[in-house]
Amino acid sequence: MILNLLRVEALKIEEMIKRSFSEDSTQTLLPQHEQQMALSEQGLRELKKEACEICVVDLETGPRTVGVLVKDGILQGERPLKVLMLRPDVSQKSPSDMIPFPIYTALGLQGLSKTKWDLREHEVTIFDIEFITKTTLKLDIEKVRSGDRTAITDAQARLVDLASDFKQPEWTEGDWSKVKDMTFMELNQAKQQETEAVLNATCLSCPKFLAHFTIRDQEYGLQNKIAGLKQLMSDQNLRLLPDYEQRVSVLKELGFIDANSNVELKGRVACEVNSTSELVLTELVLENVLAEYEPEEIVALLSAFVFGEKTDVIPTITPKLEKGKAKIIEIAKKVNSVQNRHQVVINAENDDFEHRPRFGLMEVVYEWAKGMSFNQITDLTDVLEGTIVRVITRLDETCREVKNSARIIGDPSLFAKMQECQELIKRDVCHCASLYL
């Protein structure tokens, strides 16, 4: 199918993938994503951004990176952390809350306002933590949990006192030098470098920095949202696109298409094959394997492409057919190794010639092509009569496809052989319009 689509220049593969059943859920959400993006873009246009010669120097550069990821002890993976914290009576963020903690303290801003606080225990992830100090508070957590008013009042008062002024020595960052994890050390060093660069930024000298930062933060959030929606709506978000790209890589390596995805001669031959494994059969034809075989032997070999049921009877075949069987398995292994290398899921029903019982009717088809009656060939196998008729009927279609392939590559000898193959197998009960006539 991919080769047929690549031959049509006016048709994009991505458009066909969008129409597939597996992409239905993604395409159903497309109008909703478009509406959200339109609203975000409108909000971005309506955002009043004040021009500032001071802030424009470095307030626009790069995303913000704050906090430290700690991987130690209880901080393993994304396990939630239980935190005893102050919860304000107002859930809305103030402009100063949007500023990273190192900048907050460097600007000399006051601590949290003395609003009404509630003491609550919450579960947060490590990604919710912005700054960790070296200070340890001795609180009776069990009494707080049990609702002891004295313990709650004491804990709340101490936390409010610390939050009122971030210049206190208790707000010194924790010492991470004892953590020997290499990844953490690299992240911590990068964080320190980013913090130093931020603290030396020109925009911090702007008298309206707080207002400008708030606007830039809103703009950054809208831009990120728009970028995420565009990614969801783009062709790169299609579920089948990676599988398509892997299959294209297989076709390129096997020579069915060139580096620019133009279909080569081998690819045009494969487009003629629809009833079985087009890759293996095309390689079999273009390697001229069938040239040394007679029509009866060719149909016997091609029966492996249309039969795949279990049989307890081992067919008796000639050494020449054994050689052809080995060649088919060799080609199939080569094709499957390329598909495995590019992580393409192999269709065992069509592509597995080594482990599936695909050669069980070689003797039956061979004798049928030589003129043996249907009553006699049924004694050669334990496969049901209906299956034999179905295999020979499908084999006629495969012969027709190989004949068309011979016409494309300009091989009159193979064309004539395949014509004769069809004439040999299309007779008696296998060529009736109905088995009940």
Side-chain angles (χ1 to χ4, degrees), residues 55-87 93-109 111-112 121-137 159 162-163 165-206 209-210 212-232 236-237 242:
C55 290
V56 76
V57 176
D58 43 26
L59 184 57
E60 302 291 338
T61 58
R64 293 178 291 133
T65 303
V66 297
V68 180
L69 301 179
V70 181
K71 186 180 179 182
D72 186 22
I74 62 171
L75 304 181
Q76 295 180 357
E78 298 184 7
R79 179 181 176 181
L81 308 173
K82 291 186 177 180
V83 179
L84 190 65
M85 56 187 292
L86 295 173
R87 189 178 68 177
K93 282 186 176 182
S94 64
S96 60
D97 291 335
M98 300 178 183
I99 299 178
F101 191 81
I103 302 178
Y104 192 100
T105 54
L107 291 175
L109 298 176
L112 303 179
E121 186 177 13
H122 288 275
E123 285 189 349
V124 299
T125 66
I126 189 64
F127 305 105
D128 297 321
I129 299 175
E130 186 177 11
F131 190 81
I132 300 178
T133 71
K134 65 177 184 180
T135 304
T136 302
L137 294 181
L159 289 175
L162 288 173
D165 185 5
F166 291 128
K167 295 181 181 180
Q168 300 179 69
E170 287 85 356
W171 284 100
T172 304
E173 186 173 9
D175 181 14
W176 307 112
S177 60
K178 296 181 180 179
V179 180
K180 301 303 180 183
D181 182 79
M182 183 60 67
T183 303
F184 174 82
M185 293 171 66
E186 291 175 354
L187 289 172
N188 188 42
Q189 184 179 4
K191 174 253 182 184
Q192 292 174 353
Q193 293 174 353
E194 289 290 337
T195 301
E196 184 178 352
V198 167
L199 294 179
N200 292 327
T202 305
C203 59
L204 294 182
S205 61
C206 176
F209 171 77
L210 188 59
H212 294 168
F213 184 89
T214 303
I215 296 174
R216 180 66 185 98
D217 182 75
Q218 294 174 356
E219 182 184 26
Y220 178 75
L222 288 172
Q223 289 173 342
N224 270 355
K225 185 176 181 180
I226 292 172
L229 290 171
K230 285 182 177 179
Q231 173 64 25
L232 290 175
Q236 299 301 316
N237 193 49

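Computation of the quantities below employed the complete heavy-atom set of this structure, encompassing side-chain atoms and omitting hydrogens, waters and symmetry-equivalent molecules. Counting begins at 1 with the first residue of the sequence.
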Trainee: Looking at residues at least two apart in the chain, or sitting in another chain, which of them share a side chain to side chain contact (heavy atoms under 4.5 Å, CB included) with T183?
Mentor: D181, L187

Trainee: If you measure from NZ on K180 to CE on M185, what distance do you get to the nearest 0.5 Å?
Mentor: 6.0 Å

Trainee: Quick test of your reading of the model: are K191 and E186 salt-bridged, counting only N-O distances below 4.0 Å?
Mentor: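 The answer is no: the pair does not qualify as a salt bridge.
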
Trainee: What's the separation between atom OG1 in T195 and atom CG in N188, rounded to the nearest 0.5 Å?
Mentor: 9.0 Å

Trainee: Kindly check if the number of other-residue, nucleotide or ligand heavy atoms within 6.0 Å of CD (Q192) is above 12?
Mentor: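 Above 12, so yes.
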
Trainee: Just to verify, what does T172 make a side chain to side chain donor-acceptor pair (under 3.5 Å) with, not counting sequence neighbours?
Mentor: none

